[in-house]
Amino acid sequence: MNRTHSLKVMCALLLCLVIFLVSPAVMAQQKKALTFQDVMKFKAIMEAVVSENGSWIAYTAQPDRGDGKVNIHSTTEEKVFTIKRGSKPVFSKHSHWVAVVIKPKAIELEKAKKEKHKEGMALLETATGEVSHFEKVERFAFSDDSKWLAYHHFKEEEKPAKEEKMQSSQQPAASAEPKEDKKKKEIGSTLVLRHLASGQEISIPYVLSFAFDKSSRYLAYAIADPEGKDNGLFCRELQKEAFPQITITKTESSRYSNLTWSKKKSKLAFLSAVEDEEGQAGPATLWVWDGETGESNQAVQAEGAPEGWMLPLKNQVSWTRDGKRIFFGFKPKAPQDAGLKEEKEQEEKEEVALYNIEDILKKREVDVWHWNDPRIVTHQKKLWSRFKDRTYRAVYHLDSGQAVALADQEMPVVELTENPHFALGLSDVPYLKEITWEGRFNDVYLVNLEDGSRKKVVSRLQSRASLSPNGSYIVYYNDLNWHIYDSKTGTTRNLTSQLDIPFFNEDHDYPSNPPGYGVAGWVEDDRAVLIYDKYDIWQFPTCSGEPINLTGGEGRQSQVTFRVLRLDPEKRFFGKDQQLLLSAYHNLKKHTGFYTCQEGTPGVERLIEEKKRFRFLAKAKKKQVLMYTRESYSEFPDIWVSDMDFDSPRKISDVNPQISEFAWGSAELVEWKSLDGIPLQGVLIKPGNYQPGKRYPVLVYFYRFFSQRLYEFNQPMVNHRPCFPLYASNGYAIFLPDIRFEVGRPGFAATKCLVPGVQKLIDMGIADAEAIGLHGHSWSGYQTAFVITQTNIFAAAIAGAPVSNMTSAYSGIRWESGMARQFQYERTQSRIGGSLWEYPERYIENSPVFFADRINTPLLIEFGDEDGAVPWYQGIELYLAMRRLGKDCIFLQYRGEPHHLKKYPNKLDYAIKMKQYFDHYLKGELAPEWITQGVPYRGH
């Protein structure tokens, strides 16, 4: 008995040892597969901010579905605070406080039908973590000295009393007076001013808008009460006892807008106008109130506008940093309809002449499309809400007291500038008609701020121009080179033509002129401008001297793209000998890093670089603290902080620790050649729990260039795209190939890149040759539909929002913008290279519907029937062609949806159907009924 017992004990011990040794491998192989419920719970980091002193960071952690939260982390201690349902965090200047928006509960929003749940606000003290909550807050702001918080409540919605509801269904009482049917005047809501240290609050009713000055001496606010008798502009003196109220101006039935403080000396610019009985504001006056003297000045009076123009209350007002100029806008006066009054009186007559042609035609509903309209009618309609209130920039000079109109209808755009001499003016007016087929162009002007005169610098420019900080030079890209215009001499010279380096986009494969890579910025005193080529950063002196390759040619030599990171968005130029922080992207190896270089000196220094992707987020304003993310396919982009040298980087957040539980898979780079010998790259994501030697079903997902996603984390979410970790954890390999297109035959260009790439996976022993699926949306939805007319290598395909017939799509409308689609075939993405009449054969040869008889691949088509980018009847055309031919095709029409599905039930339905479709055709799983039988219409 003892011997037997001893043997049992030994066997048990051996078994435990075996389990101990084997269990790590077993556990690794048995990581979970993601479900759609898991995907919904994964969080994304949004709205990350760092305090000015670098001691705190805050961000929103938002799941794909459900309630998010704001996390607030100390960067120096292990201290974390959380505010449930928070978003959009804002630090006070001294970082003692954090205010966040509080969203309604997700479950309440899900239950709500017509009732709108209003957002609230939470206030957290970073020293204690104590949180205060406030309901129905529309807007909030801290004073710059961090002593005050102002929060503005939503306006309370008026609800009719019970007696009024009952009376409305009955005859009016004899004594009841008829109510006037007129537009309601705008009424303010309660503003609360909170002293943060004491918690003392002051409530101010009927506030429309408010603003703190930069010195935190004043809070200005505009009042609009129900009767209009106490309307005015007031301010509180925050540095005096009892915080007394000052009346800046007060006029019955007046309205005040655009409360804008200067950066220095507490001067307030604002607009005022008197409302009529219907609540419409008349011509406005631009005021300046001086907080030092308490005096108000009518800078631009209503009658001071140029002839035929007016100063509207709805405007954009801004100060220059030196406090010497105010930018605002004039607006053309609307043409008066002399017969308006008579028409209104006619409408009020009880008797209408039944056969009066004029009366009948008043109710007509017609749009007239003229061949010579600058914009087509649909485009006009989309722009109307913006253009009807459009203002044209002007400037007010405080020193001289003069207002100068700068922009007008012939030159509609004048960009804001800090220099006192010149601004950049732009006009697309001569080229509006060509937008339909050629794209966008602008004439560029140098505009004199003193008198409004303008000089044309360059015509028909397709790229952006850049005005130097002091206004001495304009640099622009044109005809494959960079040019610089000298405002003093009026001369232009070519900066790049003598360099044996291309400054145009080297990967451009569209039927249009290649663009440049952009301007990095200017050097102090307008001494030089920094310009990019594909890889390096060049410093060009503005007067004389040779250009300097700031990155020392390291970029082109190593095929690394260097770009300058703007650490201070408010700084207008780089200083002499300033150290510049650079991002670095390895074009061949796909990883990134941070480098540094110095203004005026060639050469780079590496700070940090790994087989990861780094993304710069922000630098603390007053400390040498950087906030950035680090990621890879399997590493979520959590937030890190570091000093400027990256000596001791520290991971701050850990938003999705559950990643380790799932069979996420792994990503690697694959290389092959197209059918005509072009070298190509792509990303292969191997399945979770991958077993060498085993072949897997493959999902091919593509667009144009995707190999750069090698070290990108694929955020799990439910939408129109396949979720890579979901598929990888459920036994799929995913392939993300690059496509190099050709003008004139974009469809075949996709085929000749894709097919040998797929064959590469088969040759590697990864892909099951009988189980390869193709998926694309929009442009790659078109490619998907076309490719399956050329090859039978795919077992199934899904095309979201595909163009199927370029001959009919060419003259379609992009309903979201109102623009015609012709330009994208002639000059951009669709890459035909000319009109339907120039190249009819190209339009036919690149249209899947003309070759539908060659399709042998089961196809699932998806469209929202309010698609604003691709006309959804393109899906109908291909569906009907395949139906007529007896081909396996299913069309998913999502009602009321745009180009990318927005409603979560529809997104989830499509994501589920997408996976069911591939599971059936690639894995042999039982097909659901919607695939085998369809879904008969039963009414909605």
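Values below: every heavy atom of this structure, side chains too, minus hydrogens, waters and symmetry copies.
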_Go through it in stages, so that I can follow the logic: the residues are Leu406 and Phe327, the test is side chain to side chain contact (heavy atoms under 4.5 Å, CB included), and I'd like the CA-CA distance, side-chain angles, deciding distance and then a yes or no._
CA-CA 10 Å; Leu406 302 175; Phe327 289 104; 4.0 Å; yes
*May I have the step-by-step check of salt bridge (Lys or Arg N to Asp or Glu O under 4.0 Å) for Asp230 and Lys250, ending in yes or no?*
CA-CA 7 Å; Asp230 292 321; Lys250 181 182 176 183; 3.4 Å; yes
*Would you please test His195 and Ser198 for side chain to side chain donor-acceptor pair (under 3.5 Å) and show each step?*
CA-CA 6 Å; His195 187 255; Ser198 66; 2.9 Å; yes
*Could you walk me through whether Thr260 and Asn258 pass the side chain to side chain donor-acceptor pair (under 3.5 Å) check?*
CA-CA 6 Å; Thr260 310; Asn258 290 269; 5.3 Å; no
*Carefully, step by step, assess Tyr256 and Thr251 under the rule side chain to side chain contact (heavy atoms under 4.5 Å, CB included).*
CA-CA 10 Å; Tyr256 305 87; Thr251 305; 4.0 Å; yes
*Report the C-alpha separation of Lys903 and Glu897 in whole Å, then their side-chain angles, then the decisive distance to 0.1 Å, and conclude whether the side chain to side chain contact (heavy atoms under 4.5 Å, CB included) test is met.*
CA-CA 8 Å; Lys903 300 169 188 173; Glu897 287 281 21; 3.2 Å; yes
*When you look at Glu110 and Arg65, which way does the salt bridge (Lys or Arg N to Asp or Glu O under 4.0 Å) test go after all the steps?*
CA-CA 11 Å; Glu110 190 69 19; Arg65 184 170 173 81; 3.2 Å; yes
_Criterion side chain to side chain contact (heavy atoms under 4.5 Å, CB included) on Val413 and Asp428, from CA distance to verdict_ = CA-CA 9 Å; Val413 176; Asp428 61 356; over 6 Å; no
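Taking both residues in full, the closest heavy atoms of Leu398 and Gly323 are given as CD2-O, 3.8 Å, listed atom of the first, atom of the second, then distance. Between Asp451 and Val404, the shortest heavy-atom distance links the atoms C-CG1, 3.5 Å. Contact between Ser189 and His152 at its shortest, heavy atoms only, is OG-NE2, 3.1 Å. Looking at every heavy atom in both residues, Ser95 comes nearest to Asn53 through OG-ND2, 2.9 Å. In this structure, Pro89 and Tyr59 approach most closely via the heavy-atom pair CG-N, 4.1 Å. Contact record, Asp145 with Ser216: N-OG, 2.8 Å, taken as the closest heavy-atom pair.
One N or O on the side chain of His397 and one on the backbone of Leu449 form a donor-acceptor pair closer than 3.5 Å. When atom types are taken as modelled, the side chain of Asp373 and the backbone of Ile376 share no donor-acceptor pair closer than 3.5 angstrom. Asn315 contributes a side-chain N or O that, together with a main-chain N or O of Gly329, makes up a donor-acceptor pair within less than 3.5 Å. In this structure, the side chain of Asp67 does not engage the main chain of Arg85 through any donor-acceptor pair within 3.5 Å. At distances below 3.5 Å, at least one donor-acceptor pair connects side-chain atoms of His153 with backbone N or O atoms of Lys136. A distance-only check finds no donor-acceptor pair linking the side chain of Ser254 to the backbone of Asn231 [under 3.5 Å]. The closest donor-acceptor contact from the side chain of Ser146 to the backbone of Lys93 lies under 3.5 Å. The backbone N or O of Trp97 sits less than 3.5 Å from a side-chain atom of Ser92, completing a donor-acceptor pair. Panel note: side chain Arg375, backbone Lys381; no donor-acceptor pair is recorded below 3.5 Å. In this structure, the side chain of Thr320 engages the main chain of Arg325 through a donor-acceptor pair within 3.5 Å.
Residues Arg393 and Val447 fail the side-chain proximity criterion, which asks for heavy atoms closer than 4.5 Å. Using a 4.5 Å heavy-atom threshold, the side chains of Leu149 and Phe140 count as touching. The closest side-chain heavy-atom distance from Pro244 to Glu237 is below 4.5 Å. In this structure, the side chains of Gln245 and Cys235 stay at 4.5 Å or more apart for every pair of heavy atoms. Looking at heavy atoms from C-beta onward, Leu123 lies in side-chain contact with Arg194 at the 4.5 angstrom threshold. For the pair Arg390 and Pro412, the minimum side-chain heavy-atom distance is below 4.5 Å. Between Leu238 and Trp148, the closest side-chain pair of non-hydrogen atoms falls below 4.5 Å. Within the 4.5 Å cutoff, the side chain of Trp261 has no heavy atoms near those of the Ser215 side chain.
The line from CG of Asp213 to CG of Leu259 is 12.0 Å long, rounded to the nearest 0.5 Å. Rounded to the nearest 0.5 Å, atoms CG (Leu124) and CD1 (Ile72) are 4.5 Å apart. Taken to the nearest 0.5 Å, the NE2 atom of His96 stands 11.0 Å off from the CG atom of Leu196. If you take OG on Ser253 and CD on Glu227, they are separated by 9.5 Å, rounding to the nearest 0.5 Å. Summarising the geometry, atom CG belonging to Leu268 is positioned 8.0 Å from atom CH2 belonging to Trp319; distances are rounded to the nearest 0.5 Å. Atom CZ of Phe234 and atom OG1 of Thr247 lie 5.0 Å apart (nearest 0.5 Å).
Comment: Lys229 does not engage Glu252 in a salt bridge, judged by the lack of any side-chain N to carboxylate O separation of less than 4.0 angstrom. Under a 4.0 Å N-O distance rule, the pair Glu47/Lys88 does not qualify as a salt bridge.
Remark: Trp287 engages Phe270, Ser272, Thr285, Ser296, Gln298 in a side chain to side chain contact (heavy atoms under 4.5 Å, CB included) (not counting sequence neighbours).
For Glu292, the CD atom sits in a packed shell: over 12 heavy atoms of surrounding residues, nucleotides or ligands are nearer than 6.0 Å. Around atom NZ of Lys331, more than 12 heavy atoms belonging to other residues, nucleotides or ligands sit under 6.0 Å away. Atom CD of Glu418 sits in a crowded spot, with more than 12 heavy atoms from other residues, nucleotides or ligands closer than 6.0 Å. Heavy-atom contacts from other residues, nucleotides or ligands closer than 6.0 Å to CD of Glu816 number 12 or fewer. The neighbour count for Gln316 CD, taken as heavy atoms of other residues, nucleotides or ligands under 6.0 Å away, does not exceed 12. The number of heavy-atom neighbours closer than 6.0 Å to CD1 of Ile357, taken from other residues, nucleotides and ligands shown, is 12 or below.
Annotation: cation-pi geometry not satisfied between Arg236 and Phe210 (NZ/CZ under 6.0 angstrom from ring centroid, within 45° of ring axis).
A perpendicular orientation is assigned to the rings of Trp289 and Tyr218, their planes being inclined by more than 60° (bins at 30° and 60°).
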Identify each donor-acceptor pair in which a side-chain atom of residues 202-209 lies under 3.5 Å from a protein atom, sequence neighbours left out, and give them as a table.
none

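For the side chain to side chain contact (heavy atoms under 4.5 Å, CB included) test with Lys103, the passing option among Gln62, Glu108, His117 is Gln62; the others fail.
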